Structure formats: structure tokens, C-alpha cells
Amino acid sequence: MEYFLISYKLVIYITLALGVTLDQLLMFKTVAEVGSLRLASELLHKTQPAISQGIRQLESQFNLLLFSRAGYRLSLTEQGKLLFQRTLRLLNEAAEIQQVAKHLASGHEASITLAFEGSFELSLVLPILELTQNEYPNTQIILKQEYLTGAIEALSAGRADIIISPSELMQEKFSQVETTLLNQGQLIAVAAPKLLARHLSLSSSTELVNEYQIIVQDTGTGTGSLEFGVQDGQRRWYVNDFYTKKMLILSGMGWGKLPNHLMAEELKNGTLQALKLADIQTEILLHYYAIRTKTTILGPVASKLWKNLCLHGQRYHNA
């Protein structure tokens, strides 16, 4: 939408500043391309005198000779060639504005928002997002990465049309939502060999109380002051995304749970190692759902996105 407004203002500013109309520029473009007033007249469904007058008015307003009239065909002068390239750009901008205006006038959304919990493997739905982008290029898709209860809160507050979040984070049953299961994932407690070298016989989380547990902060308010999986007295660092958390854990500065898909290679090559601790749950299975509210009527684009997410869920269920 922002690009649309910038383009619109640009076209209006240029045409007003120069005192020309888009119709005059279209005549200029057509005559330049076909080299004939007669052919331009047929293409634009205007009389030859009208096109001739339009071109002369344009030359007068620019105070430039745009066409050489010496030969059989009208040909652009050097100044005309330069202005022709700029005219093409301006007319393309105008055409885009018309397309966006038509898109919005037909009831399509200017933008839709998909919020997803940060542990979700977004690459799983990229083909769906690409399909939506290609089908509705004039609707902006806003992706918001939230953590813990942040996506659920965004949906409840009307800041997102559709969300993707683990059902395990829905602390209460919402009767006014519709859900479709997309996939499963895991959070696994891990540490780097550098940290584990300080705990050669590690068997419980109490032995890590003086190491730093790296914790991603909730972008919502659903967890309040509660911290799940954190023992009393535990040293801790707070970060606002999993990539920072992963970097700190890889450096040996702390330990914590990471989504399996974000560290598959590190688990394979040993730069991260899964923890086996007797007193806490070190692997958490998560079920990721696409969620929308039943009370909100989705527009055409959001409805199509929802439908495609549901189809993805059906394929996952049948696999």
C-alpha cells in the first residue's frame, strides 16, 4: 500500500508540475512507437488532428521539438528519445496504479497479516505464500514473527488475520476459533561441547544452575511472569529470537531448548549436543496449527490463504 501511495503521488506530481496529461503522454508514446499519426490514430481511436494537436501542445509545454518531421515517418529527436524513456516509466507507474485501484475496488485487501510463533518452520508454508503472492500481487502479505503467546494475542487483538502457533501454548480452549493442524515439531534442550566439558557426568538440571539458561522472551502477555522449564535460582539470559539464542548456546555461553529444524546440522556434526537430564523434560513435542477466529470475516485474499493452509494440513494428515 505504501508503494501504491508513493507511485500515485509521483504520477500526480509530475503531471501537475509539467502541466501535461497522461492522455498526452500516451499519444507521445504511441506516435514514437509507430512513427505515424495515422497508425497512432487507429490504435488510440482518436482523430489525426486530435493527436497532432496533442503532440504540438506537449512540445509547446516542454519547449522542445520531440519529433523530426523531415522524413516519411515521424522520428524522435535526441531530446525526444530521452523524454520517451521517462514517459514509459511514468505510464508504467500509472498502469500499476490503475491495477491496484481495480484490485482494491473489487474488494481485495490492501494487506493481510500472518503471525507465526518463532519456533515454527516457516519454510514449510513458503510455497503457499508464494502462490498467494503470485495470485494476488497487489495485496501485501505482512509476516510477523512472535514468540510464545505473542501470535495468539495478536489474533485475539485483531492484529493478525491468521496465525500459526503450537496448540500447547493455548492455555485455554477458544470456542470461537477454527484450526487446522499443519505439522509437528520439537524443542530440544542442547548445549555446546565447550559447556559440557565443564560437566563431564551431567545428569540433572540442578548441575546447570550456575550456567546461563538462554530464554526467549514472550512477545505476548499470556505467560505473565511465569517461566516454564526454568528452575529456581537458575542463572539466565533473555533474548528476543531463536537465532540469537542459538548463537549464544553454540558459543558455550549457555544452554536451552531450540527448535529441531534450526539445529539439525549442528546436532549431526556435534557442535551441539542434546541433553539427557533426569529431572526435567528435555524434548517437547509441539503441534503447530493454523488458526483463525470464527467471528472475523476474512477477505478474498486471506480466505484463499486459509483454504491453502487447510489443504496443506489435509496432505500432512494423510501422509
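Nothing here was measured: the structure is a model prediction, and the numbers come from that model.
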Grouping I, L, V, M, F, W and Y whenever their side-chain heavy atoms are under 4.5 Å apart, do [X] and [Y] come out in a common cluster?
{"X": "Ile249", "Y": "Ile280", "answer": "no"}
{"X": "Val190", "Y": "Tyr212", "answer": "yes"}
{"X": "Leu286", "Y": "Leu275", "answer": "no"}
{"X": "Met263", "Y": "Leu195", "answer": "no"}
{"X": "Val31", "Y": "Leu66", "answer": "yes"}

Check whether the side chains of [X] and [Y] place a donor and an acceptor atom closer than 3.5 Å, and report yes or no.
{"X": "Gln48", "Y": "Ser52", "value": "no"}
{"X": "Thr149", "Y": "Asp218", "value": "yes"}
{"X": "Ser167", "Y": "Tyr288", "value": "no"}
{"X": "Gln234", "Y": "Gln231", "value": "yes"}
{"X": "Gln186", "Y": "His261", "value": "no"}
{"X": "His287", "Y": "Gln184", "value": "yes"}
{"X": "Asp23", "Y": "Thr21", "value": "no"}

Taking only residues two or more places apart in sequence or in another chain, which ones pass ring-ring contact (aromatic ring centres under 6.0 Å, His included) with Phe116?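 Per chain and number, Phe116 pairs via ring-ring contact (aromatic ring centres under 6.0 Å, His included) with no residue.
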Would you please name every residue forming a ring-ring contact (aromatic ring centres under 6.0 Å, His included) with Tyr147, sequence neighbours left out?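 Expected list: Phe242.
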Nearest non-hydrogen partners of [X] and [Y], listed with the distance:
{"X": "Lys294", "Y": "Glu178", "value": "CG-N, 4.0 Å"}
{"X": "Leu88", "Y": "Glu33", "value": "CD2-OE2, 4.3 Å"}
{"X": "Val216", "Y": "Lys245", "value": "CG2-CD, 3.7 Å"}
{"X": "Glu117", "Y": "Leu148", "value": "OE2-N, 3.0 Å"}
{"X": "Ser111", "Y": "Thr139", "value": "CA-CG2, 3.9 Å"}
{"X": "Glu135", "Y": "Lys304", "value": "OE2-NZ, 2.8 Å"}

Sequence neighbours excluded - ring-ring contact (aromatic ring centres under 6.0 Å, His included) pairs with any residue from residues 25-56: Phe28-Phe67
Looking at [atom1] of [X] and [atom2] of [Y], how far apart are the two atoms once the value is rounded to the nearest 0.5 Å?
{"X": "Lys257", "Y": "Gln281", "atom1": "NZ", "atom2": "CD", "result": "7.5 Å"}
{"X": "Thr179", "Y": "Leu309", "atom1": "OG1", "atom2": "CG", "result": "12.0 Å"}
{"X": "Leu58", "Y": "Leu25", "atom1": "CG", "atom2": "CG", "result": "6.0 Å"}
{"X": "Leu82", "Y": "Leu76", "atom1": "CG", "atom2": "CG", "result": "10.5 Å"}

Check ion pair Lys268-Glu265 (N to O, under 4.0 angstrom):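 The answer is no: the pair does not qualify as a salt bridge.
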Throw together a table of side-chain donor-acceptor distances under 3.5 angstrom for residues 296-303, partners on residues two or more places apart or in other chains.
residue : atom : partner : partner atom : Å
Thr296  : OG1  : Thr293  : OG1          : 2.8
Ser303  : OG   : Leu298  : O            : 3.3
Ser303  : OG   : Gly299  : O            : 2.7

Determine whether Ile215 and Val230 satisfy the following criterion, side-chain contact (heavy atoms from CB on, under 4.5 Å), listing intermediate values before the conclusion. CA-CA 9 Å; Ile215 302 167; Val230 182; 3.7 Å; yes
Show, in sequence, the C-alpha distance, side-chain angles and deciding distance for Glu211 and Arg198, and conclude whether the salt bridge (Lys or Arg N to Asp or Glu O under 4.0 Å) test is met. CA-CA 10 Å; Glu211 299 285 357; Arg198 300 194 288 267; 2.9 Å; yes
Are the side chains of Leu267 and Gln273 in contact, using a 4.5 Å heavy-atom criterion?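 With C-beta onward as the side chain, the pair stays apart.
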Should Ile152 and Ile163 count as side-chain neighbours, where that means a heavy-atom distance under 4.5 Å? yes
Counterpart residues, side chain to side chain donor-acceptor pair (under 3.5 Å), relative to Thr219 (two or more places apart): Glu146
Side chain to side chain donor-acceptor pair (under 3.5 Å) with Arg236: which residues, sequence neighbours excluded?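 Arg236: side chain to side chain donor-acceptor pair (under 3.5 Å) contacts with Glu227.
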Applying side-chain contact (heavy atoms from CB on, under 4.5 Å) to Leu129 and Leu114, what does each step give before you reach the verdict? CA-CA 10 Å; Leu129 296 177; Leu114 173 67; 3.9 Å; yes
Within a 6.0 Å radius of atom OH on Tyr238, are there more than 12 heavy atoms belonging to other residues, nucleotides or ligands?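 Atom OH in Tyr238 is crowded, with more than 12 foreign heavy atoms closer than 6.0 Å.
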Taking the side chain from Glu153 and the backbone from Gly150, do they hold a donor-acceptor pair closer than 3.5 Å? no
Ignoring hydrogens and geometry, is there a side-chain-to-backbone donor-acceptor pair from Lys246 to Leu262 under 3.5 Å?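 Yes: the side chain of Lys246 pairs with the backbone of Leu262.
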